[in-house]
Amino acid sequence: MDRKEFKKAFKKIPAAVFALVFLLIACSIISEHFWTGENLFNLGLQGTVLTILALAQTLVILAEGIDLSSGPLVSFCGVVVAVSLHGGLGLPEVIFISIVLGTAGGFLNGFLIAKVKLPPFVATFGNMGVFTGLALVMTKGGSIPGFPESFRFIAGGSLWGLPFPVIILIFVILFNHVLLYHTTFGTYIFGIGGNQEAVHLVGVNDIFFKSAIYGVAGSYAGVAALVMTSRLNAAHPLVGFGLEFEAIASVIVGGCSWTLANGNPWGSLAGAATIVVLQNGLSVLGVPPAVQVVGVGAYLILAVVYDSLKGD
Amino acid sequence: MLIRQYLALIMRLAVIFIIAAILGVARPEFLSVNNFINVLRQSSLIFLLASGLTVVVLSEGIDLSIGQVLAFSACIMGYFLKTEPMILAILVGLGIGALCGLVNGVLIAFVGLPAFVVTYGMMWMAQGFALMFMKAEIIWGFPKAFRFFGAGYILGIPVPVILMFALCAVLYLVLNYTTFGRYIYNIGANYEAARFSGVRIRRIQIMAYTLSGLLAAFAGVVYISRINAVEAGIGDPLLLPCLAAITIGGTSLYGGEGGIGGTIFGAIIISLIINGMNLMGIETYWQPFVVGAIVILSVAVDVLRAQKLQTT
């Protein structure tokens, strides 16, 4: 490999990968507990929800959109799960409800964007209000705590020595990979992001598939809601507040771009990992969670500036 | 063209009358002078914040950060009000707002990121800074002279309402009779044409976003002066009503069409709806849902209208 090729390959590595290496080194210096099994277990647990949402956001951003409503959709699904559990429904029904509801919410976004042709940030921002509002109405602003043991297994259990959420995460990653790279639908996602007009002219029902992309993203939010609600053992209408920002940041630092319709889910995984590690490190340093958002924002800006500097 | 504008104006007035008539019949107390002034005062707060956003939207941009920029600048203003002279505190607050807007503008104009990404990032950054600065505390009890902006009266009319009409007049003149204003419309209507006509797009964009930040901080002055307190979270629920006011007011999110006058009508309609919901005893939890739905509906109408115009 000569120098030019090496340079080209180097440029393809998203900022998140360098950041991840840096953060892992930094964290092992500031805290001797970082590499303990317990902390890694916790990181996996915390990271699951964010990573699932980051994968959902990747699909949407690859299709030249954005989903600002994924955090509130998680809250809404969580609240409905809680209400159904207290209404006496069993585990399978609840899982079904959460995923279907997430898909429906996502489809609503997709319909407004693909069919009615609203700008994505307007449709999903409006639905942010809609989902938050519905969740607030259902709980009257309070939270719904306390679930049966079987439901708590989703976040609290472990299988084959791994936390169960991590198993779910691995499953979602595999599903996402197959969907993107080994199905026609995946090809359409890249196609719609690259040139929707062309996809339309080939005779593909681009409007349906574009809606479906948001629908799939919504179903991931449904899965994330199950993990989140089970982990907290409570549902609150504002619990997902801000999750969408972390998810979008993960995708951007992972190298996805709107204008070029490039990027891949592995970059987003690295992005989500950096954000979870960053937050963990900031917590060790005693930075309160509400303020950690500044750290995430600064990281996001650095990554974006780095990307724009290296050019294409 | 002119006829269509008058028609739109009449339609908006009709909507206001219809809502008012329904509320008047259902709740006689709605028709009191006190409530009328109350509605106007509420709409003035929405308008002041939405005014800068209107300019940005006219240039086919978007500023999602206004609510949090308001909160951040208001927090710092509130802190300085306690120790420093009032003028200095206000100037510092306005400066912070303008600075946030400037950063938005530079990132959008020079780094070439989509506006909704940059301002969405700024939204969280400003929020984080505000939290960092306030540490979850509330500053309250401002000097009497400062309270004049939000709670004072001139000839029986609340000062915020006077400020609303004054700012609207100024912005109307700026948008219609200055080169800056005409360039805003040009860029929004046809970016490429504006570029080829030698409009310094980057400079105008930066000015527009800076103005938006500045006016958000100005709205912050009136806002905290009215409630006589400030905390980091005051900006959270503000963006949705502003977007609703702008879109109801007939400013197209695709830029170049509409104007500042419409935003006043939009702000009044939104306040009427919220006021009506309060009077009818509907729980406040419904508000995000209703306002979100209004945003989606009004933009959908705008988009469908534009499509119809294109086909005929």
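Within every chain, numbering begins at 1; the chains are lettered A, B, ... in the order of the sequence lines, protein sequences first and strands thereafter.
Crowding of F133(B) atom CZ: a count of heavy atoms from other residues, nucleotides or ligands under 6.0 Å exceeding 12.
Only the side chain of L243(B) comes within contact range of chain A, with at least one heavy atom under 4.5 Å from a heavy atom of that chain. For chain A, the nearby part of L253(B) is the side chain; its heavy atoms alone come within less than 4.5 Å. With a threshold of 4.5 angstrom between heavy atoms, L118(A) approaches chain B through its backbone and through its side chain. Residue V291(B): no heavy atom, backbone or side chain, is found under 4.5 Å from chain A. Of the two parts of E246(A), neither the backbone nor the side chain holds a non-hydrogen atom closer than 4.5 Å to a non-hydrogen atom of chain B. For L297(B), no part lies under 4.5 angstrom from a heavy atom of chain A.
The most heavy-atom pairs under 4.5 Å with chain A, out of A232(B), G128(B), P288(B), come from P288(B). Put simply, of L239(B), T247(B), V295(B), the one with the most heavy-atom pairs under 4.5 Å next to chain A is L239(B).
For the atom pair CG (L68(A)) and CZ (F116(B)), the distance works out to 7.5 Å, reported to the nearest 0.5 Å. Here the CZ atom belonging to F121(A) is positioned 8.0 Å from the OG1 atom belonging to T119(B), to the nearest 0.5 angstrom.
The aromatic rings of Y120(B) and F245(A) sit perpendicular to each other, their planes meeting at more than 60°, with 30° as the lower class boundary.
Pairing each heavy atom of V116(A) with each of V303(B), the nearest pair is O-CG1, 3.2 Å. Closest approach of P119(A) and Y254(B) over heavy atoms only: CD-OH, 3.4 Å.
Under the side chain to side chain contact (heavy atoms under 4.5 Å, CB included) test applied with Y285(B), the options V137(A), L134(A), T139(A) reduce to a single match, V137(A).
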